[in-house]
Amino acid sequence: MPNILILGGDGYLGWPTAMRFSSLGWDVTIADNYFRRHACDKLDTGMLYTVPNMISRAKVWYELTGKEIKVSVCDLADPEAMRGLFDGRVEYDFAVKKGFAGPPDTVLHYAEQPSAPYSQMNYRTANFTVTNNLLTTNNLMYAVRDLSPSSHIVKLGTMGEYGTPNIDIEEGWLEVEHKGRKDTFLFPRQAGSIYHTTKVMDTDLLWFGVRMWGLKVTDLMQGPVYGLETEETAIDPRLATIFNYDEIFGTILNRFVVQAVSGYPLTVYGKGGQTRGYLNIKDTLQCVTMAADSPPESGRLDIYNQIMETFSVNQLAEKVQKAGNARGHQVEIKQIQNPRIEKEDHYYNPTYQGLIELGVKPHYLTDTVLDGLFAVVESFKSNIRKDVIFRGVKW
Ligand code: USQ
């Protein structure tokens, strides 16, 4: 069986991804330092519901499916913790089978501080974001180079690395003709937060490793994800993924649905013309599994834009308002002063064909999909805390 190591395996995407690979028959190991849980506690962000920790969830998964997910609770910014997962020094915090899982065929790297507002709170959160994200990526790159050079690294990047340029966004690369000569370069990056800037730097690190040492890397430039149900989370409520709706860790569509259910006016920042590429969490799972099945040759960096459709903030708000009103909520939309520094009215035309060509079948944001999301959020309505929805972290 192929063997996958998922860094950041406790997260919103990491845990559902771990269950998906396990379902598909891969040997799965997850590693995480619980940053997200600790930060949520410290900042008192609340969550829609509580979720068991990695060990408890891996035990439930084993009881229900007979499949093992090995767990390591560790800080991957520590190079020895990272290297232990490649050379066998790791001591698993949960494992059914004794002994080392072996060096991974594939490493899926989600293990980053993922919030733009968190990175913009103050110099300490900015520092943490820079050190955590870059050290983890660098530790991974060196562990693969030194201990398992044939491992395929699948890195979660972000569409936000490109920013909102006034030209079409290509899939990772741009051919440039200059004074009669041509070459191909990484598409220009101009990130809009310290968090997004660390993702640009990650790309630069890994592109260096590809050129110098022949690493095999796939970079998935993902847009904001929405939703909470996957085939595997539906098996048992104890397998649910972490769901944030607060300003720091919640992403826009998940936040809007929670706001609609709790009677909080939808928080459209500024003019609401900010346009991004979105995808359902189910499609994140399709994309990462297909990317893992299609490794590049040694010395190649493959880049895919991981989005399924684009919407402006206003369009999302209108969709949520329509779906919410149809379920008997009285959904109000309110334009508020934008706490971020970003273009509110801009050109946006990204290409995103690569993953479709690999075989991904998109789940679009239909009324039925929104209805399903509303139904789940409504069932947790009594847990929603209005005081954490907006705190106004300024850029
Ligand atoms: N926005 C609002 N109102 C809100 C929240 C957000 O108008 O209440 C706007 C933001 O100003 C922004 C857009 O909605 O223009 C998206 O914001 P977001 O908070 O959903 O997403 P973002 O901060 O960009 O980050 C999220 C994830 C991050 C991932 C990124 C993909 O947290 O991990 O990398 O989406 S992307 O946006 O393509 O860079």
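Order of listing sets the numbers, starting from 1, for every ligand and every atom in it. Excluded from the calculations below are hydrogen atoms, water molecules and symmetry mates; all remaining heavy atoms, backbone and side chain alike, are included.
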Do the charged groups of [X] and [Y] touch, with an N to O distance under 4.0 Å?
X      : Y      : answer
Arg189 : Glu161 : yes
Arg255 : Asp246 : no
Glu232 : Lys67  : no
Arg276 : Glu342 : yes
Glu297 : Lys216 : no

Checklist entry - Can you list every side-chain hydrogen bond (donor to acceptor under 3.5 Å, both in side chains) pair that touches residues 328-337, not counting sequence neighbours? => result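 Those involving residues 328-337 are His329-Glu378.
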
Checklist entry - Is there any side-chain hydrogen bond (donor to acceptor under 3.5 Å, both in side chains) pair reaching into residues 285-294, and which pairs are they, with sequence neighbours excluded? => result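 Residue pairs with at least one partner in residues 285-294: Asp283-Gln286.
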
Just need the protein heavy atom nearest to [atom], so name the residue and atom and give the distance.
atom                    : answer
atom 39 (O) of ligand 1 : Thr158 OG1, 2.5 Å
atom 15 (O) of ligand 1 : Glu342 OE1, 2.8 Å
atom 33 (O) of ligand 1 : Pro114 O, 2.7 Å
atom 20 (O) of ligand 1 : Ile252 N, 2.8 Å
atom 8 (O) of ligand 1  : Thr267 OG1, 2.7 Å
atom 21 (O) of ligand 1 : Pro224 CG, 4.1 Å
atom 7 (O) of ligand 1  : Tyr269 N, 3.0 Å

Could you tell me which atoms of ligand 1, counted from 1 in the order shown, lie closer than 4.0 angstrom to a heavy atom of [X]?
X      : answer
Val313 : 7 (O), 9 (C), 14 (O)
Ala116 : 23 (O)
Arg255 : 4 (C), 5 (C), 8 (O)

With respect to [X], determine whether any N or O atom, backbone or side chain, lies less than 3.5 Å from an N or O atom of ligand 1.
X      : result
Gly160 : yes
Gly157 : no
Thr251 : no

Next on the checklist: With a cutoff of 4.0 Å, is Tyr195 in contact with ligand 1, counting heavy atoms of the residue only?
Outcome noted: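 Per 4.0 Å heavy-atom rule, Tyr195 contacts ligand 1.
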
Item to check | Qualifying residue for side chain to side chain donor-acceptor pair (under 3.5 Å) with Arg83, from Asp78, Asp146, Asn139 | outcome: Asp146

Next on the checklist: As a check for students: among Glu247, Gln335, Gln306, Arg340, identify the option with a heavy atom nearest to atom 19 (O) of ligand 1.
Outcome noted: Arg340

Checklist entry - Any cation-pi pair here, Lys70 with Tyr92, using under 6.0 Å and within 45°? => result yes

Checklist entry - What part of Gln222 sits under 4.0 Å from ligand 1 if we count only heavy atoms: the side chain, the backbone, both or neither? => result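 The answer is the backbone of Gln222.
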
Checklist entry - Taking a hydrophobic cluster as the set of Ile, Leu, Val, Met, Phe, Trp and Tyr residues connected by side-chain heavy atoms closer than 4.5 Å, whether directly or through intermediates, do Val288 and Ile4 fall within one such cluster? => result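 Same cluster: Val288 reaches Ile4 through Ile, Leu, Val, Met, Phe, Trp or Tyr contacts under 4.5 Å.
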
